[in-house]
Amino acid sequence: MLSLKHVTKHRFRSKTLFSSVLHPHTYTILSQSSPSASTSSCPPSTSTPFFVTVNDVAASFKSWFRARHRSRDPLVCRIFEILSSSDDFSAALSSLSLPLTESFVLRVLRHGAANGDILSCLKFFDWAGRQPGFYHTRATFITVFHILSRANLMPLVLDFLYSFRKRVFAHRVRFNDILVVGYAIAGKPEVALQLFGKMRFHGLDLDCVGYHVLLSALVEHNYFNAFDVIVRHIRGRGYESHVTNVIIIKCLCRQGRLDEAEGFLNGLVCRGTELQGPEVSFLVTTLCESNRFERAVELVRQFGNSGLVPLEHAYGMWIRGLVQVGRVDEALEFFMQKKGSEGYFPATVRYNVLICRLLRENRLHQVYDLLMDMNESCIPPDVVTMNAVLCFFCKVGMADVALELYNSRSQFGLSLNHIAYKYLILTLCWDGSIKEAYSVLTSCVHQGYFPDRQAFATLANALCRESMIDEMKELLHLALERDFMPNASTYNKFISALCQAGRVEDSYLIHGELNNVAARVSYVMMITGFIKSNRGDIAARILVEMAEKGHKLTRPLCRAAICCLFDMDNPRARVFNLLEMLTHHRPHCQIYNHFIEASVHAMKPELAREVFELMQLNGVRPNLSSHVLMLKSYLKSRRISDALNYFNNLRCQGLAGGKLYKCLIFHLCKSNNIDIAVELLFDMLKVGLSPSSACFEDLVQKLCSLRRYHEAMHLVNVHEKMGRRLTSFLGNALLFHSLISPQIYDIFIHLRGVKEGEFSGNSKLSLIIGAFSGRLRVSHSIEDLEQLIAKCFTPDIFTYNLLLRKVANSDMDQAHELFDRICQRGYEPNCWTYDIMVRGFSNQGRKDVAKQWVEEMFRKGFYHRQ
């Protein structure tokens with residue numbers, strides 16, 4: 001197997017650190033003489049690239065990790081394998097015939113704590129306490145308390161202590177000691193002091209360990225007055241030791257009494273007391289935090305040279321102090337200096353301090369260098385180191401290697417912390433390995449961790465994007481069980497994913513379960529989903545909630561929901577019930593208009609009339625849209641006389657404006673009541689209203705389709721006399737019907753008073769109509785005709801199709817040129833354009849060319865009409 005250094009050296013030190021992947025599962029490693037390493041001081045040699053797979057890189061790190069694992073207690077390792085691999089671990093542990101003593105239980109618990117496997121520790125503690133003949137001692141309780149406190153699981157400690165006070169334990173447990181120590185560790189020193197006072201009242205006392213745990217808790221929570229009292233108790237009972245000294249130094253540092261702390265240390269040194277390191281550590285760290293680095297350096301040298309403090313510990317304290325205040329470069333420089341001059345290598349814990357800080361700052365090259373130094377110096381990695389390695393591979397984008405190490409974690413006792421879990425989940429999501437990321441999360445939850453908001457949102461969004469609905473539901477339930485509420489964005493994406501997957505009922509259940517304020521788009525998707533499944537009652541319920549949450553109700557959404565109610569039993573009652581709920585607090589004209597429009601759409605004019613009358617009955621004044629909708633309700637149901645009566649009534653009230661006229665003219669044209677429509681247009685002109693161009697377009701189109709060209713041309717003249725330019729729609733209508741009926745030219749020149757053969761500037765349109773109708777033979781090119789059209793009205797693709805159709809009747813080569821020109825001028829050919837070209841070539845017998853145009857037509861998504 002390749003060594004760790006051999007496999008990864010050039011991979012991570014070359015300039016192509018993150019971009020040298022040539023294959024998704026293969027990394028390229030070049031020799032130092034390669035171009036990417038040309039700045040190396042090594043002599044040139046033949047460039048020989050070789051490949052290292054994911055398994056090679058992962059195997060190299062696994063080999064390093066196993067070196068630590070092989071030195072571990074095999075029985076304890078087997079216990080944790082059982083605890084982590086099976087929920088039914090009781091029988092498997094019993095079959096091992098374990099020697100359950102206080103020392104053995106402590107050994108197992110400390111092993112789990114060192115590897116961060118909190119859940120397994122709790123499982124074993126609970127199992128051991130239920131075994132016949134074994135009783136937990138104060139030492140085992142305190143160890144578990146410390147494990148939970150370091151994992152920030154104080155509520156568990158407090159819950160245990162609460163139940164502990166209500167239970168009767170065997171005489172082997174010092175009941176009061178456990179309570180005092182437990183509350184002290186759980187961060188409740190005030191409760192611990194009360195219990196200690198009751199103990200002293202009853203003539204009971206703490207032992208040395210209990211006193212020091214209580215003393216440390218008082219320092220942590222700044223109970224400095226009580227601290228002095230407890231110190232006197234400790235000294236009076238002869239319990240004073242180096243632990244006492246450490247806590248006193250810590251207390252002085254917490255109060256900012258650094259000179260007193262230094263004097264206290266000097267007093268210990270003068271008395272010849274051998275220091276074990278932590279005494280100096282607190283002082284050096286506090287000096288660094290107070291920016292008194294020079295004094296901290298002097299202390300490191302002073303105590304290091306005294307021989308009363310281990311030299312390694314003195315250096316380690318200095319490195320730690322520098323790192324904690326962010327002076328990482330100085331810490332690295334100090335490390336390299338001592339390594340070169342004295343061969344100093346810090347312990348694993350000091351390496352971890354440097355590596356974790358560099359990881360946080362994304363200084364990944366230096367992280368790699370330190371990992372290599374640890375490996376070459378045979379410094380075994382601990383669980384923190386292994387977690388840092390996993391984070392390192394995640395940060396450099398090598399998710400495959402990180403995942404391989406994670407999947408093999410049981411081989412070397414890797415227990416991930418919450419940061420490693422977070423980075424692994426994030427990296428797998430970014431890498432597209434969503435199933436793997438979800439699997440990591442379930443393992444993370446099983447180990448007692450739950451991802452932070454960033455990791456949760458990233459995974460949730462990825463699950464929604466990939467439509468992994470069941471996994472997302474499970475993730476959401478895991479979050480809710482822990483009182484972890486997803487943010488609004490995640491919530492809305494999940495609702496959207498459920499609706500897109502057709503699981504609209506689930507989306508509504510989730511919506512109700514979360515009791516969150518959904519985004520407008522989520523409400524729309526749920527309503528649309530229930531409408532599609534013909535559940536108008538639920539769609540109506542969500543519509544009401546949407547309005548209550550302050551979201552705007554749009555016309556199409558309301559119309560769809562109301563029309564869905566029409567397809568259910570007892571539709572009238574359902575519709576008016578919905579109307580009542582939407583207008584109960586604040587009746588608004590727009591809401592009534594939505595219901596009128598839905599009734600119009602469903603061809604229910606009587607219902608529309610009822611809503612209209614109810615609106616007035618409730619004191620809401622109809623607006624112009626209300627009147628237009630009522631007019632449409634009569635017209636769409638072919639009740640022309642009712643529509644005209646309604647319109648005349650409005651006209652008598654002075655409410656008939658241009659919008660009402662336009663609506664009436666459009667629908668009258670559509671229902672072939674063209675004479676009434678024309679009469680209304682001229683009525684508009686009489687009363688001083690200006691009909692829109694759309695009114696003229698509707699009338700001209702209908703008159704031309706009925707071949708009433710004389711009236712159509714008269715309306716075109718009226719349109720132009722109003723000072724308006726000919727619209728593209730009107731121009732195209734005239735040209736189109738000129739191709740169909742040549743007589744339109746005769747009518748045009750008669751109405752315009754243009755003599756045949758005379759073409760003034762005012763008769764460009766007559767020239768174009770004459771050319772299209774075939775009445776005139778023109779010598780102008782097709783481009784000249786284009787220019788003439790452009791002077792009369794703005795051409796569009798319909799205009800060019802008409803030109804193309806005319807040209808295709810005589811010259812397909814010229815038609816092809818015109819087609820190219822259409823594209824060059826930015827117009828998008830449509831199905832009719834291609835159809836003209838196909839028919840033109842077919843009519844000229846050019847079948848092969850016509851076939852090519854048919855194929856091109858199919859490629860564009862159009863189909864040739866035979």
Side-chain angles (χ1 to χ4, degrees), residues 499-500 502-505 507-508 511-512 518 520-549 551-618 620 622-643 645-646 663-664 666-667 670-671:
C499 292
Q500 289 177 353
R503 297 173 63 168
V504 65
E505 292 84 0
S507 75
Y508 189 55
H511 170 68
R520 185 181 179 281
V521 65
S522 297
Y523 279 113
V524 171
M525 294 198 73
M526 285 191 287
I527 292 170
T528 304
F530 279 112
I531 290 171
K532 288 180 179 177
S533 58
N534 295 319
R535 294 298 307 273
D537 51 342
I538 302 180
R541 192 185 311 165
I542 301 173
L543 192 71
V544 173
E545 181 183 337
M546 181 180 176
E548 290 174 347
K549 297 299 184 182
H551 296 296
K552 183 179 179 181
L553 303 183
T554 62
R555 187 175 60 184
L557 188 66
C558 288
R559 182 180 67 193
I562 296 165
C563 288
C564 190
L565 293 176
F566 287 140
D567 296 330
M568 302 184 70
D569 60 300
N570 198 11
R572 185 182 179 281
R574 291 181 184 274
V575 168
F576 278 97
N577 182 51
L578 176 60
L579 178 61
E580 168 64 23
M581 288 190 288
L582 289 176
T583 59
H584 179 66
H585 296 293
R586 46 176 187 176
H588 194 280
C589 182
Q590 190 178 33
I591 299 296
Y592 287 100
N593 287 347
H594 291 332
F595 278 79
I596 295 172
E597 187 197 21
S599 302
V600 172
H601 185 78
M603 306 291 286
K604 296 181 181 292
E606 296 302 332
L607 189 61
R609 186 72 192 184
E610 283 189 67
V611 175
F612 183 78
E613 291 174 352
L614 182 63
M615 172 171 57
Q616 295 174 301
L617 191 63
N618 290 333
V620 179
N623 59 16
L624 178 60
S625 296
S626 309
H627 293 304
V628 170
L629 288 169
M630 284 304 303
L631 197 59
K632 284 183 179 179
S633 71
Y634 293 125
L635 292 167
K636 291 187 73 172
S637 57
R638 305 285 181 176
R639 294 167 59 176
I640 306 301
S641 60
D642 289 338
N645 290 334
Y646 183 79
C663 173
L664 193 53
F666 172 77
H667 284 90
K670 201 171 181 181
S671 61

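Applying the salt bridge (charged side-chain N to carboxylate O under 4.0 Å, His left out) test to Arg572 and every residue at least two apart in sequence or in another chain returns Glu610. Partners of Ser533 according to the side chain to side chain donor-acceptor pair (under 3.5 Å) rule, which considers only residues two or more places apart in sequence or in another chain, do not exist here. For Gln500, the side-chain contact (heavy atoms from CB on, under 4.5 Å) partners at least two apart in sequence or on another chain are Ser496, Met525. Listed by chain and number, the residues in a side chain to side chain donor-acceptor pair (under 3.5 Å) with Arg555 are Glu597 (sequence neighbours excluded). Residues satisfying the side-chain contact (heavy atoms from CB on, under 4.5 Å) test with Ser626, not counting sequence neighbours, are Cys589, Asn593, Phe612, Met615, Pro622, Asn623. In this view, Phe666 and Lys670, Asp698 satisfy the side-chain contact (heavy atoms from CB on, under 4.5 Å) rule, not counting sequence neighbours. Every residue was checked against the side chain to side chain donor-acceptor pair (under 3.5 Å) condition with Thr583, not counting sequence neighbours, and none meets it. Applying the side-chain contact (heavy atoms from CB on, under 4.5 Å) rule to Asn618 yields the partners Tyr592, Leu614; only residues at least two apart in sequence or on another chain are considered. Under the side chain to side chain donor-acceptor pair (under 3.5 Å) criterion, Tyr508 pairs with no residue at all, not counting sequence neighbours. Asp537 pairs by the salt bridge (charged side-chain N to carboxylate O under 4.0 Å, His left out) definition with Arg535, not counting sequence neighbours.
The nearest pair of heavy atoms linking Met546 to Val524 is CE-CG2, 4.0 Å. Closest non-hydrogen pair, Cys663 versus Leu635, comes out as O-CD1, 4.0 Å.
Among residues at least two apart or in separate chains, there is no salt bridge (charged side-chain N to carboxylate O under 4.0 Å, His left out) pair with a member in residues 521-533.
Formation of a donor-acceptor pair under 3.5 Å by the Arg574 side chain with backbone atoms of Phe566 is not found in this model.
For Tyr634 and His667, the ring centers sit 6.0 Å or farther from each other.
In summary, Glu613 and Arg609 engage in a salt bridge, as defined by a charged side-chain N under 4.0 Å from a carboxylate O.
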